[in-house]
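Chain naming here is simple, since letters A, B, ... match the order of the sequence lines and numbering starts at 1 in each.
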Number of protein chains: 2
Amino acid sequence: MGKDAVIKGQISNNIRKLRFASDEMTQKELAAKVGVSRQTIVAIEKDHYPPSLALAFMIAHVLGEPFQDVFSYKPAD
Amino acid sequence: MGKDAVIKGQISNNIRKLRFASDEMTQKELAAKVGVSRQTIVAIEKDHYPPSLALAFMIAHVLGEPFQDVFSYKPAD
DNA sequence: ATACTAAGTCAATTATTTTTGACACATCAA
DNA sequence: TTGATGTGTCAAAAATAATTGACTTAGTAT
């Protein structure tokens, strides 16, 4: 019931950094390229909730970075 | 409306193989270790739907394999 | 034959992710 | 000032992931 999703372990991402590294790509452009709404990109960048696995893969692909350079996971235990 | 999820690009996984490689771990055991139901593991192994990003990370972690050795993505374009 | 384990399936429900549309705010250019 | 762009936020709805419980099938053991 919390506003933000709680995960076992912690997922983080570098989308924002990599977006700027990738010719200053805007949220809107990234959203269009991966086929989701701009709000979805905002939410993911700000860790309001994690992307689906498919979306995570597409984002890494569009940013031209290996998956593990975009998303990382730190186990709880 | 389709029974199985359709993704842009193709996600596949080696959970089943790695489960056996990991001391013949059963679906039930894997489910318990990652904290989901057995049916969820069945569904993911059989590609009925993809796991959430968090679950994907936890599965890789429990199987003791790098993420990219468990899940792979083949872009549509 | 009976029982147990592993795996698969189905339906119905709950939880989470994603969408749309609207609005706000700051920066920059005309 | 006016307009455009980039970002952030909210609420309601739609789509998808995950749950529970029940049932089936195959293999293997007692």
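Side chains of B:Asn14 and B:Leu63 form no contact here, defined as non-hydrogen atoms less than 4.5 Å apart. Contact check for B:Val34 versus B:Thr40: no side-chain heavy atoms found under the 4.5 Å cut-off. Put simply, the side chain of B:Ile59 does not reach to within 4.5 Å of the side chain of B:Asn13, judged on heavy atoms.
When the C1' atom of C:dT17 is taken as reference, atom CG of A:Leu53 falls 13 Å away, rounded to whole Å. Put simply, CE on B:Met58 is 12 Å from C1' on D:dA18, counting in whole angstrom units. Note: CD1 (A:Ile44) to C1' (D:dT9) measures 16 Å, nearest angstrom. For the pair B:Glu24 CD and D:dG27 P, the interatomic distance rounds to 16 Å; values are reported in whole Å. Across the protein-nucleic acid pair, A:Tyr49 atom OH and D:dA17 atom P stand 14 Å apart, rounded to whole Å. For the pair B:Arg19 CZ and C:dA7 C1', the interatomic distance rounds to 9 Å; values are reported in whole Å. Atom P of nucleotide D:dG8 and atom CG of A:Asp47 are separated by 12 Å, given to the nearest angstrom. At whole-Å resolution of the value, CG in B:Asp23 and P in C:dA6 are 13 Å apart.
For A:Pro51, the side-chain atoms get nearest to C:dT18 when compared with the rest of C:dT18, D:dG8, D:dT7.
No donor-acceptor distance shorter than 3.5 angstrom exists from the side chain of B:Asp23 to the backbone of B:Met25, with no hydrogens or angles considered.
With sequence neighbours left out, the ring-ring contact (aromatic ring centres under 6.0 Å, His included) criterion links A:Phe71 to A:Phe67.
Using a 4.0 Å heavy-atom criterion, one finds that A:Ser52 contacts the sugar-phosphate atoms exclusively.
Of all the residues in residues 25-39 of chain A, A:Thr26, A:Gln27, A:Arg38, A:Gln39 reach under 4.0 Å from DNA chain D with at least one non-hydrogen atom.
No path of Ile, Leu, Val, Met, Phe, Trp and Tyr side chains, each step under 4.5 Å between heavy atoms, connects B:Val42 with B:Val36, placing them in separate hydrophobic clusters.
Applying the 4.0 Å criterion to OP1 and OP2 of D:dA17, one finds that B:His48 has every side-chain N and O outside that range.
The pair B:Glu45-B:Arg19 counts as a salt bridge, with a side-chain nitrogen and a carboxylate oxygen less than 4.0 angstrom apart.
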